[in-house]
Amino acid sequence: MRLYNTMSREVEEVRPSDGTVRIYLCGVTVYDYSHIGHARTIIVFDVLRRYLIHRGYSVKFVQNFTDVDDKIIRAAREKGVRPLELAEYFIEQYFNDFDRLNVLRADHYPRATEHVGDMHALIKGLMDKGYAYTTSKGVYFSIVRDADYGKLSKKPIDELKAGARVEVDEEKLDPLDFALWKFAEDEPSWDSPWGRGRPGWHIECSAMSMKYLGETFEIHGGGEDLIFPHHENEIAQSESLTCKEFARHWVHVGMVNVKGEKMAKSLKNIEPIRSALSRWGPNAIRLYCLSAHYRKPLEYDESLLRQALAVWRDVENALFELEHAMQVPADEGSRVADELRAIVDDSFSTFMESMDDDLDTPRAIASLLVPIRAVNRYAAEDMLDGSIAGAVMKRLNDMLFILGLRRADVSMEERARIEEMVRRRSMLRAEKRYREADEIREMLRAEGVELVDHRDRTVWKKLG
RNA sequence: GGUGGGGUGGCAGAGCGGCUAUGCGCCCGCCUGCAGAGCGGGUAUACAGGGGUUCGAAUCCCCUCCCCACCUCCA
């Protein structure tokens, strides 16, 4: 597949050397609930991963948790809990949110605090090679020793120095030198060959990505706000040490904006995932996050979520119609089945083509809607049957898998109960006892089950 | 100032040299005991502005204007 590479600023073919695509995603710092901005990045990578899996690659996916950091320590102090407890709590919340968003679990979720030893090894290596030095505050990486520093963000170093907004630290050799290890005595802190302290922010990702994926791997990414300085510094550390290319492909996801401003905790304009979930549900949120190309900014606005939900309702409707149609005796060699098969095959190839072209999800979604619409049309004309449903299910499911969309789960018990109520209502309707029939419909609606009356049967769907 | 990315119908958003993108919204119908959902049809004379190149440009080139992100922690 072809993907834009921030390093070259060009769309390039992803070419894993051995059929395995190794992906490292910079995850979240766990000091608060995750918001829609995080969801976008993580969902985009989830879809990338799902697509690659579907294409037959084996994918090794690693995503870190930054669980030691000044913000965590500050937040813990305010709440009167220990920093690691706070981090643990928000990690649990993270899984809660993203499981509900149907994001596949990574192969590893390394935590910074569990890899301090690995970081020490890297820092020692950098010291030995003369890339790092010690001051009274910590151990720093010296960027002047790194000839190609700035190659990812394409920043001329002189410019950065001139406009440096970072505090001037007289002890550093260069204002752009960054901490590998910061001396500190308070909790949490670890002993190190240079003194007790905590890791700098960037070293954890170098240590953990190389540990789980090797010194060179295929894809490294995150939000585009990580390009500088985070990813730039990771490259500097890692490549200075190994003398090898760190990641082949750098993938960065655009920001979610609120009224034109970036959604950020510091701006107090965040929409937590948990509250968005309760209002729109996982599928609408996923469709919303994928409704714009991943490298473009995405505006957070209720009308867009509403739109995404409307799209999902169409998809969901088609899925339930198909499921019910499976029980309708098939008309052998049905012309409609052939037509629908042609429509869905065509849609599928456009879908895959779009995904292959730098993850063009808006176009992919548009092509998915073609067979959805066709199914709904046949359903409205009461023309669906088992053979038709069979003709489209597989391809449709492939597309839904890649986008990570799925309709609500219905347990056997729930299914039986719903169908019993539907049967009762049908009988009441046959006797024209509409008030009682409507009561049943209302009861079901209250629990998120919608009924669709067809000529001689009623299709129910559980809203997801 | 530097580095990137953009400006497409009421809104969102593909297209990147010739073929209706698509969706939401809105209007009118159909279906229905009613309702919702769905379906059909219609609506938008769309491509920031100005010059080129071309038989033909939203798509290529030049100029101008405007927007956003990053350059500090940040997905």
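Lettering follows sequence order; numbering is per chain, from 1.
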message: Give me the stems containing RNA chain B, sorted by first residue, counting only three or more consecutive Watson-Crick or G-U pairs with both distances under 3.5 Å; say none if there aren't any.
response: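 As far as RNA chain B goes, consecutive pairing (with distances under 3.5 Å) yields the stems B:1-7 with B:65-71, B:10-12 with B:22-24, B:25-30 with B:38-43, B:48-52 with B:60-64.
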- request: Using the P atom on both, measure rC68(B) against rU43(B) and round to a whole Å.
  value: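 It comes out at 36 Å once rounded to the nearest Å.
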field: P-based separation of rG50(B) from rG40(B) [nearest Å]
entry: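 So the two P atoms sit 39 Å from each other.
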field: Of the listed nucleotides rA35(B), rA75(B), rG40(B), the one nearest the side chain of Arg441(A)
entry: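 Output: rA35(B).
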- prompt: Does atom CZ of Arg279(A) have more than 12 heavy-atom neighbours from other groups under 6.0 Å away?
  reply: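 Count over threshold, so yes.
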- prompt: In residues 446-464 of chain A, which ones come under 4.0 Å of RNA chain B, going by heavy atoms?
  reply: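 Under 4.0 Å from RNA chain B: Glu450(A), Leu451(A), Val452(A), Asp453(A), Lys461(A).
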query: Is the gap between the ring centers of His231(A) and His220(A) under 6.0 Å?
result: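 Yes; His220(A) has its ring centre under 6.0 Å from that of His231(A).
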message: Using the side chain to side chain contact (heavy atoms under 4.5 Å, CB included) criterion, which residues pair with Glu439(A)? Sequence neighbours excluded.
response: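 If we apply the side chain to side chain contact (heavy atoms under 4.5 Å, CB included) test to Glu439(A), skipping adjacent residues, the hits are Arg435(A).
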With His293(A) via ring-ring contact (aromatic ring centres under 6.0 Å, His included) - residues at least two apart: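 Here no residue qualifies.
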- prompt: Quick one: do the Tyr294(A) and Asp358(A) side chains pair a donor with an acceptor below 3.5 Å?
  reply: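 Judged by distance alone, the side chains do pair up.
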query: Which letters describe nucleotides 14-27 of chain B, given B = protein heavy atom under 4.0 Å from base, S = only from sugar-phosphate, - = neither?
result: SS-----BSBS---
Please classify the nucleic acid contact of [X] as base, sugar-phosphate, or nothing, using heavy-atom distances under 4.0 Å.
| X | value |
| --- | --- |
| Gly254(A) | base |
| Gly37(A) | base |
| Asn317(A) | sugar-phosphate |
| Phe178(A) | nothing |

task: Only counting residues at least two apart or in another chain, list the ones meeting side-chain hydrogen bond (donor to acceptor under 3.5 Å, both in side chains) with Asp382(A).
output: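 With neighbours one apart ignored, the set is Arg457(A).
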- request: Quickly work out the Ile227(A) CD1 to rC68(B) C1' distance and round it to whole Å.
  value: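 Atom-to-atom, Ile227(A) to rC68(B), this comes out as 14 Å.
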